[in-house]
Amino acid sequence: MDNVILDPHGEALLQQYRELQPKLEELAKKAYDLLRRALREQSIYVTAFEYRVKTEQSLAGKLERKGAKYKSIYDITDLVGLRVITFYTDEVDKVAVIAKRVFDIDWQESVDKRKLHQLDSFGYNSLHYICRFQEKDRDLDPDLGNLRFELQMRTALQHVWSTIEHDTGYKGEVKIPREYKRQFSRLAGMLELVDDEFSRLRIVLTDYRRQVQTLVKSGQLDEVALSGDSFRSYLELHPFDRLNRRIAAVNQAEIYPVSVMHYLPLLESFGLETLGDVQQFIDDNSDDAYQLALSQLAITDLDILSSGTALQYLSLVYALKHDGSAEGLKFVYDTVNGKNDANARLADLILEQAKTLRFMQTKKK
């Protein structure tokens, strides 16, 4: 504890800290585990969650500055600290709700620093709760019941700002010139706006996804742009099941489920822009896709097919109708399966087998 000089009262408090340190470590770990479990149970994802016990050196510095205000070590509320960092501002409030269920909150000592901004203020603030264990979690240990700890809740951008403030020494003892304070204010305002906009954008996107789901379920597919979210909702209607069952019946095959989300870039490359386009793509090509599948599967004894089989043959038929070359078929395989040497051989095989099919004969005419 270099350069720290404590009066007798400060030394006594520091000795109390040393005696309590094992309990502080126990409290920190237990508080962390309780809150982490509760967050998981409520499916609250946070970007970071950490805890710490104040070091002896840090405490000594605090006692040197203002040790007289503390009668005992139990009056110091930040010997143990927990910090939860979320992505969005509204998630801070969700974490706070869960914390109130897990711990007893000392409301007189707790503070929502987010509400303390003045019009000309700057900087980023956290929601701070001073907590105790609830009676059921004290394990008959009076020290665990009497000890309080601090819980900080903030967003990732708030945490970045706080770290920058600390790193630059902005809140240090050296007086900062007015021009630099102004620069800090401008940057803080920008970050605060970004934080709010990220939360607003998430709400807008959530509303959009709900709207997409409603339109899909009501069959208004032409009004829904093709995207990852909309295609995922569309798949809940099982649009490829009928063709899959028809193809599987060729060999009485079993169908095992797989994701077909990786076909989305291929469908977009075909120029499909809405879910209505995808439905039309299915309607226009299903019979020919069945015939192409039949030409391959009828001479095999395959008895297990993936649920992506229908979409694969639909895509191959589309490529044959609009390009008609082995290169077009290879593009389908490259896009869906990744580029490899086998794709060219598969494309040549499909092109040869498709030559006798009716839709290819019609295409020649």
Side-chain angles (χ1 to χ4, degrees), residues 1-39 46 48-85 92 95-96 98-114 116 124-154 158-159 162-163 165-167 171-173:
M1 297 184 298
D2 297 339
N3 301 322
V4 176
I5 300 175
L6 299 178
D7 60 19
H9 179 63
E11 288 288 356
L13 291 176
L14 196 60
Q15 183 57 36
Q16 281 185 302
Y17 162 84
R18 295 186 184 113
E19 294 169 358
L20 274 175
Q21 195 165 25
K23 294 289 180 66
L24 294 174
E25 297 286 350
E26 179 185 349
L27 181 149
K29 182 64 167 62
K30 182 168 184 176
Y32 173 83
D33 288 341
L34 284 172
L35 185 54
R36 181 179 62 173
R37 186 182 309 121
L39 292 172
V46 298
F49 185 16
E50 56 195 21
Y51 67 90
R52 63 102 182 104
V53 175
K54 186 179 284 292
T55 64
E56 184 171 332
Q57 184 175 1
S58 176
L59 177 59
K62 183 171 188 172
L63 293 176
E64 183 183 37
R65 296 190 306 272
K66 47 186 177 182
K69 67 180 288 191
Y70 304 115
K71 293 182 180 179
S72 79
I73 197 69
Y74 295 100
D75 294 329
I76 303 176
T77 58
D78 65 346
L79 294 176
V80 169
L82 282 73
R83 180 181 293 141
V84 180
I85 299 173
V92 171
V95 172
I98 294 173
K100 287 185 286 188
R101 297 176 183 174
V102 176
F103 306 125
D104 288 335
I105 310 300
D106 184 340
W107 293 111
Q108 289 187 333
E109 295 288 342
S110 300
V111 59
D112 188 348
K113 292 189 176 182
R114 301 171 301 175
L116 299 182
Y124 255 57
N125 293 305
S126 308
L127 175 58
H128 290 195
Y129 280 172
I130 303 302
C131 311
R132 281 191 176 93
F133 283 140
Q134 295 180 350
E135 188 72 38
K136 62 183 177 62
D137 297 316
R138 294 177 187 174
D139 296 333
L140 303 179
D141 188 328
D143 285 330
L144 290 182
N146 292 327
L147 285 167
R148 290 176 290 174
F149 53 94
E150 183 180 63
L151 170 61
Q152 295 182 2
M153 294 156 281
R154 58 172 61 146
Q158 288 170 348
H159 183 60
S162 177
T163 303
E165 278 189 329
H166 182 271
D167 183 63
K171 290 188 174 180
E173 296 179 0

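For the side-chain hydrogen bond (donor to acceptor under 3.5 Å, both in side chains) test, residues two or more places apart in sequence or in another chain that qualify with Lys29 are Asp33. In this structure, Arg132 has no salt bridge (Lys or Arg N to Asp or Glu O under 4.0 Å) partners at least two apart in sequence or on a different chain. Here Arg52 pairs with nothing under the salt bridge (Lys or Arg N to Asp or Glu O under 4.0 Å) rule; sequence neighbours left out.
Nearest heavy-atom pair, Ala31 versus Phe103, reported as atom, atom and distance to 0.1 Å: O-CZ, 3.6 Å. Counting all heavy atoms, side chain and backbone alike, Val53 lies closest to Ala28 at CG2-CB, 3.9 Å.
Here CG of Leu82 is found 10.0 Å from CE of Met153. Values are rounded to the nearest 0.5 Å. In this structure, CD1 in Ile73 is found 13.0 Å from CG in Asn146, a value given to the nearest 0.5 Å. Distance check, rounded to the nearest 0.5 Å: CZ of Arg83 to CZ of Phe49 gives 11.5 Å. One distance of note links CG of Leu147 with SG of Cys131; it measures 13.0 Å at 0.5 Å rounding. Atom OH of Tyr17 sits about 6.0 Å away from atom OG1 of Thr55, to the nearest 0.5 Å.
In the model, Gln21 has no side-chain atom that pairs as donor or acceptor with a side-chain atom of Arg18 under 3.5 Å.
Taking the six-membered ring for Trp and thresholds of 30 and 60 degrees, Phe149 and Phe133 have ring planes inclined between 30 and 60 degrees apart. Ring geometry for Tyr32 against Tyr51 counts as tilted: the plane angle lies between 30° and 60°, on a 0 to 90° scale.
Here the side chain of His128 pairs no donor or acceptor atom with the backbone of Glu109 at under 3.5 angstrom. No donor-acceptor pair under 3.5 Å is formed between the side chain of Glu64 and the backbone N or O of Leu6. For Lys69 (side chain) and Asp75 (main-chain N/O), no donor-acceptor pair under 3.5 Å exists by modelled atom type. A donor-acceptor pair is defined here as one N or O able to donate and one able to accept, closer than 3.5 Å; no such pair exists between the side chain of Gln158 and the backbone of Ile85.
For the side chain to side chain donor-acceptor pair (under 3.5 Å) with Arg148, the lone residue among Asp78, Asp104, Asp106, Thr77 that qualifies is Asp106.
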